[in-house]
Amino acid sequence: MVNNSAGAAISDTISVEVAYALPERQALLTISVPADTCVEQIIRQSGILQQFPQINLSEQKVGVWSRPVKLSDKVQDGDRIEIYRPLIADPKDLRRRRAEKAKDEGRANKVTGGHL
């Protein structure tokens with residue numbers, strides 16, 4: 001335990017969560033680590049890579065509370081590290097296709113694309 005400048009005791013360990021989800025299975029693991037531990041170390045120490053061997057940290061993106069982060073970033077006590085699955089389709093392309101379909105079906109203005 002370390003004291004801050006105000007004399008209050010602060011812990012040298014933090015508690016964080018590691019989350020990963022597949023359509024049929026999810027995991028949310030809580031782990032205590034030293035305060036200066038980086039995202040990649042926390043993920044490896046959590047054991048989630050053994051539960052989901054398909055996770056590839058060199059390809060998949062990670063975030064903290066839906067905000068993208070680097071594997072080398074540090075986190076705060078109470079943060080949730082999220083491991084994101086690869087996208088199977090480009091979101092912009094999907095929105096474009098939905099908008100075209102709505103126009104074709106007469107549910108959207110053919111000029112502006114807005115709702116009728």
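For the residue pair A27 and F52, the shortest heavy atom distance occurs at CB-CE1, 3.5 Å. Looking at every heavy atom in both residues, E82 comes nearest to S66 through OE1-N, 2.8 Å. Between Q54 and Q60, the shortest heavy-atom distance links the atoms O-OE1, 3.5 Å.
Side chains of Q41 and V33 form no contact here, defined as non-hydrogen atoms less than 4.5 Å apart. Here the side chains of R85 and L22 are in contact, with some heavy-atom distance below 4.5 Å.
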- Carefully, step by step, assess Q76 and V64 under the rule side-chain contact (heavy atoms from CB on, under 4.5 Å). CA-CA 10 Å; Q76 305 285 324; V64 172; over 6 Å; no
- Message: Determine whether I55 and I43 satisfy the following criterion, side-chain contact (heavy atoms from CB on, under 4.5 Å), listing intermediate values before the conclusion.
- Response: CA-CA 11 Å; I55 294 173; I43 291 171; 5.8 Å; no
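The pair R44-E40 meets the salt-bridge criterion, since a charged nitrogen lies less than 4.0 angstrom from a carboxylate oxygen.
Judged as a side-chain contact (heavy atoms from CB on, under 4.5 Å), and not counting sequence neighbours, the contacts of K61 are Y84. For P68, the side-chain contact (heavy atoms from CB on, under 4.5 Å) criterion is met by no residue, not counting sequence neighbours. Shown here are the side-chain contact (heavy atoms from CB on, under 4.5 Å) partners of S15, two or more places apart in sequence or in another chain: T30, S32, D77.
Formation of a donor-acceptor pair under 3.5 Å by the E100 side chain with backbone atoms of R96 is not found in this model.
Atom-to-atom distance recorded for I42:CD1 and I48:CD1 is 12.5 Å, nearest 0.5 angstrom. A distance of 10.0 Å separates CD1 of I31 from CD1 of I14, quoted to the nearest 0.5 Å.
Of the residues listed (V16, L28, V75, V18), the one engaging R80 in a side-chain contact (heavy atoms from CB on, under 4.5 Å) is L28, and it is the only one.
More than 12 heavy atoms of other residues, nucleotides or ligands shown are found within 6.0 angstrom of CD on Q26.
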